[in-house]
Amino acid sequence: MKTLKRGLLILSVASLLLTGCGNGSDVSKRTKNSTKSVEDVLNEGMNSSDEAVKVESPSSVNEIVKDDTQDEIVLTAADLYEEDPVEEELPVATPAPGVDVDLTVLSSTMVYSEVYNIVSLPEEYIGKVIKMEGIASTYIDEETGAIYYACIIQDATACCAQGIEYILSEDETLPYPEDGEIVTVIGVFDTYQEGEYTYCTLKDAKLVA
Amino acid sequence: MLDKIFLYMQYPFVRYALIVGVLIALCSSLLGVTLVLKRFSFIGDGLSHVAFGAMAIATVLNLSNNMLIIMPVTIICAVLLLRTGQNTKIKGDAAIAMISVAALAFGYLIMNVFSTSANVSGDVCSTLFGSTSILTLSKVEVYLCIILSVAVVFIFVLFYNRIFAVTFDENFSRAVGTNADGYNLLVAVVIAIIIVLAMNLVGSLLISALVIFPALSAMRIFKSFKSVTVFSAVFSVTCALLGMMISILMGTPVGSTIVAVDVAAFAICALVGAVAK
């Protein structure tokens with residue numbers, strides 16, 4: 001009897017805990033961890049770092065976000081987080097004026113996690129001005145000849161990486177950086193469709209000297 | 001510093017990490033006391049390696065929910081180790097060591113031979129050491145963690161007296177009619193669940209720390225099973241929270257930071273225990 005009473009008490013507390021945590025919204029499938037694809041990119045980049053001009057395998061940069069979208073799903077924040085993305089403002093770490101998401105002021109652990117979230121939940125960040133610092137990487141699609149530029153960041157143990165592609169604005173006077181250079185990029189986050197996949201990019205980007 | 005903490009707390013993934021981290025720390029500390037007293041301190045390490053091997057298989061099979069493989073495999077191994085380990089030709093510690101290294105080796109082998117990723121070392125590193133896994137949890141994983149953690153706490157509190165009896169004197173509890181085998185099985189299943197959950201927090205190589213340090217630290221100061229269990233839970237949750245906050249603020253790896261805090265707190269407890277004597 002005593003055990004039963006204790007059980008009922010715990011059950012009620014557990015129910016309270018569980019109901020307090022959710023809003024009942026549907027939980028959709030989450031896209032796959034994007035680290036692998038970016039790791040692919042980074043690995044390939046490291047392997048050929050000695051080359052003066054880097055020529056990457058055809059879709060390496062595309063793979064930065066390919067794994068995020070290979071299930072052909074682009075998720076909304078509401079699918080994954082209980083907060084309503086319209087009502088809740090994104091956290092703003094913005095000493096720099098005009099920047100919505102300043103990744104340069106976050107710790108390395110936070111930067112990695114935040115970039116992971118950006119590429120996992122791209123719709124939540126569309127139109128936001130993002131400032132990030134990372135390792136420059138260049139890739140050339142041998143089939144189309146298209147050149148892609150990405151800013152890659154690593155986690156605290158430096159074994160996992162995340163990255164975002166960027167396209168410099170026409171006004172930008174600085175050239176695209178060499179592979180392996182540490183760069184700071186400010187750009188407007190956007191997504192675009194190429195084939196069956198959705199890709200993330202920082203458009204109208206500027207390099208911070 | 002406070003501004004930074006408040007800023008980071010605005011990020012949903014930080015809040016989720018703290019919730020899940022606290023729950024995992026709580027669960028692991030509760031069962032940790034029992035495992036340490038039953039001389040099964042190293043089982044966490046063995047089972048986590050098994051979970052790593054299972055995760056490698058799940059990764060190679062490209063399963064969207066790798067828990068479908070990890071959880072049953074880990075539970076089966078936990079049952080084999082805890083329940084039947086004492087009646088077999090290969091005794092407890094040897095069986096744990098054997099399964100542990102075999103699972104680790106096969107896991108790494110499978111990931112290398114059949115991997116779909118170009119960065120095997122990165123995958124292995126993040127699985128073994130946790131890295132930032134706890135900060136990249138999906139909402140589904142958070143819910144799963146909450147449900148399983150609540151279930152573990154529920155089971156522990158509900159069967160507290162029986163677990164206490166089986167832990168201290170299994171033969172006596174059998175003599176008075178307690179189903180000792182059943183409770184050993186229950187402990188095995190629960191510890192397997194905790195191990196799988198804790199892989200997200202500290203990685204599979206560091207899980208033992210979550211099981212051992214809280215219990216051993218509590219035993220430096222307290223003597224009764226109840227007080228050791230309660231202090232162990234408080235210790236574990238506090239260290240996990242502190243470790244996660246330091247990791248987030250300083251940019252250090254989450255798992256190893258939590259374990260470092262555990263070690264420091266253990267030293268303090270040992271000192272307090274020595275002075276109190």
Side-chain angles (χ1 to χ4, degrees), chain A residues 2-4 6-7 9-11 13-15 17-18 21-22 25 27-33 35-44 47 67 71 77 79-83 88-93 105-114 116-117 120 154-162, chain B residues 4 7-14 16-17 19 23 59 62 64-65 115-126 129-136 138-143 146-147 149-151 153-162 203 247-257:
Chain A
K2 203 174 175 183
T3 307
L4 188 66
R6 191 187 292 167
L9 182 67
I10 296 166
L11 192 63
V13 173
S15 308
L17 278 172
L18 285 173
C21 288
S25 62
V27 179
S28 301
K29 282 168 69 183
R30 186 182 171 97
T31 50
K32 289 193 170 184
N33 187 330
T35 55
K36 281 182 187 171
S37 55
V38 179
E39 286 156 10
D40 293 348
V41 173
L42 197 65
N43 254 15
E44 289 161 11
N47 291 338
D67 275 7
D71 290 340
D79 291 329
L80 294 158
Y81 290 129
E82 58 191 275
E83 292 83 2
E88 190 184 43
E89 283 293 309
L90 285 169
V92 181
V105 299
L106 302 178
S107 71
S108 62
T109 302
M110 282 295 291
V111 172
Y112 178 82
S113 308
E114 178 64 345
Y116 179 94
N117 277 280
S120 299
Q154 295 178 314
D155 73 343
T157 51
C159 62
C160 300
Q162 297 284 342
Chain B
K4 218 167 189 181
L7 169 71
Y8 288 169
M9 288 301 290
Q10 291 177 53
Y11 290 84
F13 63 83
V14 173
Y16 291 157
I19 291 168
L23 288 172
T59 305
N62 220 4
S64 56
N65 185 2
S115 179
T116 51
S117 165
N119 188 9
V120 174
S121 58
D123 292 346
V124 172
C125 173
S126 61
F129 294 104
S131 197
T132 52
S133 312
I134 194 77
L135 288 160
T136 54
S138 70
K139 194 176 178 184
V140 176
E141 289 168 326
V142 172
Y143 277 140
I146 291 171
I147 290 167
S149 301
V150 170
V153 175
F154 178 77
I155 288 169
F156 183 82
V157 177
L158 189 63
F159 298 108
Y160 172 81
N161 289 329
R162 310 279 162 71
S247 165
I248 290 168
L249 290 170
M250 310 292 286
T252 53
V254 182
S256 45
T257 308

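Per chain, numbering begins at 1; letters A, B, ... match sequence-line order.
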Quick one: [atom1] on [X] to [atom2] on [Y], what's the gap to the nearest 0.5 Å?
| X | Y | atom1 | atom2 | value |
| --- | --- | --- | --- | --- |
| Y8(B) | S107(A) | OH | OG | 4.0 Å |
| Y16(B) | S113(A) | OH | OG | 14.5 Å |
| L135(B) | Y112(A) | CG | OH | 10.5 Å |

Checking heavy atoms, do the side chain of V142(B), its backbone, both or neither come under 4.5 Å from chain A?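 V142(B) has no heavy atom closer than 4.5 Å to chain A.
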
Chain A contact via L249(B) - side chain, backbone, both or neither, heavy atoms under 4.5 Å: backbone

Can you give me the closest heavy-atom contact between L106(A) and L7(B), atom names plus distance?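 Result for this residue pair: CD2-CD2, 4.3 Å.
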
V105(A) and K4(B) have their tightest heavy-atom pair at O-CE, 3.9 Å

